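Worth knowing before you read on, the calculation uses all heavy atoms, side chains too, and leaves out hydrogens, waters and symmetry mates. In this text, all values refer to a predicted model and were calculated from it rather than measured experimentally.
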Amino acid sequence: MSKHGKKYAAAAAKVEAGKLYTPKAAAELVKEISFAGFDETIEATFRLGVDTRKADQNIRGSIALPHGTGKSVRVAVFAEGEQARAAEEAGADIVGSDDLVAQIQAGNIDFDAAIATPPMMAKVGRLGKVLGPRGLMPNPKLGTVTMDVAKMVGELKAGRVEYRADRYGICHVPVGRVSFPVEQIVENYGALYTEILRVKPATAKGKYVKSIALASTMGPGVKVDSSVTRAFLEA
């Protein structure tokens, strides 16, 4: 713990070892013990009992959080004609076709999320090696390959987040910022946890949700009671 410094140690000392907090109590504590000089992101970490090497246990999807994440998202849209105009009207930051593909191939990637219409995927597919490792590849499973680009631009701008279990079965997902009211953090967490439970693979063996923690960017983790699966705002 010493490697984190005195502020981290002081914050960690306020977290009761071994205690499982209600979602509301956890959010209150994370806000209380945050110490960075900026508005930290609060992240929920789910440790799941899944084997992501098996295709049917590959937990991945996206969800629009009720209160967003507090982060402004730059959205790029691969579209032409009517869909391109719709994307621009919906507030997309970058809209293009061959010109956008060329821009990305030249190394200019100035966006946080990407959407494509299905006809554009033949061109966008060439960018897999560039966009894939950055998590920016449009994906039908995430709703980012769609003809209704305006709707998805709106959702991404409003705070749609992606969740994905890594090879250890762990999902890290933002649920707001330290400046958010406790109720908004908890409602975002509740929506996310409900979604995680909804996508439980039928083939997952043993305990599905092994542990959950909330933490701010710089702060220590606070363990959340995973048995609370509704009435998230109860103390």
Side-chain angles (χ1 to χ4, degrees), residues 43 46 48 50-66 68-69 71-175 188 191-192 194-196 198-204:
E43 191 174 78
F46 297 85
L48 305 175
V50 294
D51 183 353
T52 54
R53 291 171 300 179
K54 296 177 180 173
D56 58 357
Q57 293 188 32
N58 216 332
I59 302 286
R60 185 180 185 186
S62 65
I63 177 175
L65 297 178
T69 62
K71 180 186 175 188
S72 62
V73 180
R74 285 183 60 78
V75 179
V77 179
F78 297 90
E80 294 174 334
E82 192 179 319
Q83 278 75 35
R85 284 191 294 277
E88 286 171 357
E89 286 170 11
D93 299 276
I94 307 165
V95 180
S97 175
D98 294 305
D99 54 334
L100 181 52
V101 171
Q103 187 180 318
I104 291 165
Q105 284 174 330
N108 299 322
I109 302 172
D110 185 23
F111 52 88
D112 308 299
I115 302 166
T117 60
M120 290 297 301
M121 284 308 290
K123 295 175 180 177
V124 178
R126 300 199 297 266
L127 302 171
K129 287 182 180 176
V130 182
L131 297 182
R134 292 175 169 83
L136 294 173
M137 193 68 182
N139 185 319
K141 286 185 179 177
L142 302 177
T144 47
V145 176
T146 176
M147 289 302 281
D148 194 353
V149 291
K151 179 173 181 277
M152 186 50 64
V153 168
E155 289 190 5
L156 288 171
K157 287 281 188 182
R160 176 171 280 274
V161 294
E162 183 180 340
Y163 58 86
R164 183 177 193 173
D166 64 16
R167 59 182 176 153
Y168 304 108
I170 298 172
C171 287
H172 302 277
V173 190
V175 291
N188 277 351
L192 175 61
T194 301
E195 171 71 2
I196 294 287
R198 186 188 71 79
V199 298
K200 178 186 177 182
T203 55

Can you find a pair of side-chain heavy atoms, one from K157 and one from D93, that are under 4.5 Å apart? yes
Flag side-chain contact, heavy atom, 4.5 Å: I109 against R134: yes
So how far is it from L48 CG to F46 CZ, rounded to the nearest 0.5 Å? 8.0 Å
Is there side-chain contact between Y163 and E195, with heavy atoms separated by less than 4.5 Å? yes
Report yes if the side chains of E162 and L142 come closer than 4.5 Å at any heavy-atom pair, otherwise no. yes
Heavy-atom side-chain proximity of D99 to Q103 below 4.5 angstrom: no
Indicate the atoms forming the closest heavy-atom contact of P66 with A191, along with that distance. CD-CB, 3.7 Å
Look up atom CD in Q105 and atom CG in L100, then write down how far apart they are to the nearest 0.5 Å. 10.0 Å
Could you check whether E155 pairs with K151 (Lys NZ or Arg NE/NH1/NH2 to Asp/Glu carboxylate O, under 4.0 Å)? yes
Is the shortest side-chain heavy-atom distance between P118 and V145 below 4.5 Å? yes
Distance in Å, I115 CD1 paired with L136 CG, rounded so as to fall on 0.5 Å steps: 12.0 Å
Validation row: M137, M121 side chains within 4.5 angstrom (heavy atoms): yes
Would you say the side chain of T52 lies within less than 4.5 Å of the side chain of D166, judging by non-hydrogen atoms? no
For the NZ atom of K123 and the CG atom of D98, what is their distance to the nearest 0.5 Å? 3.5 Å
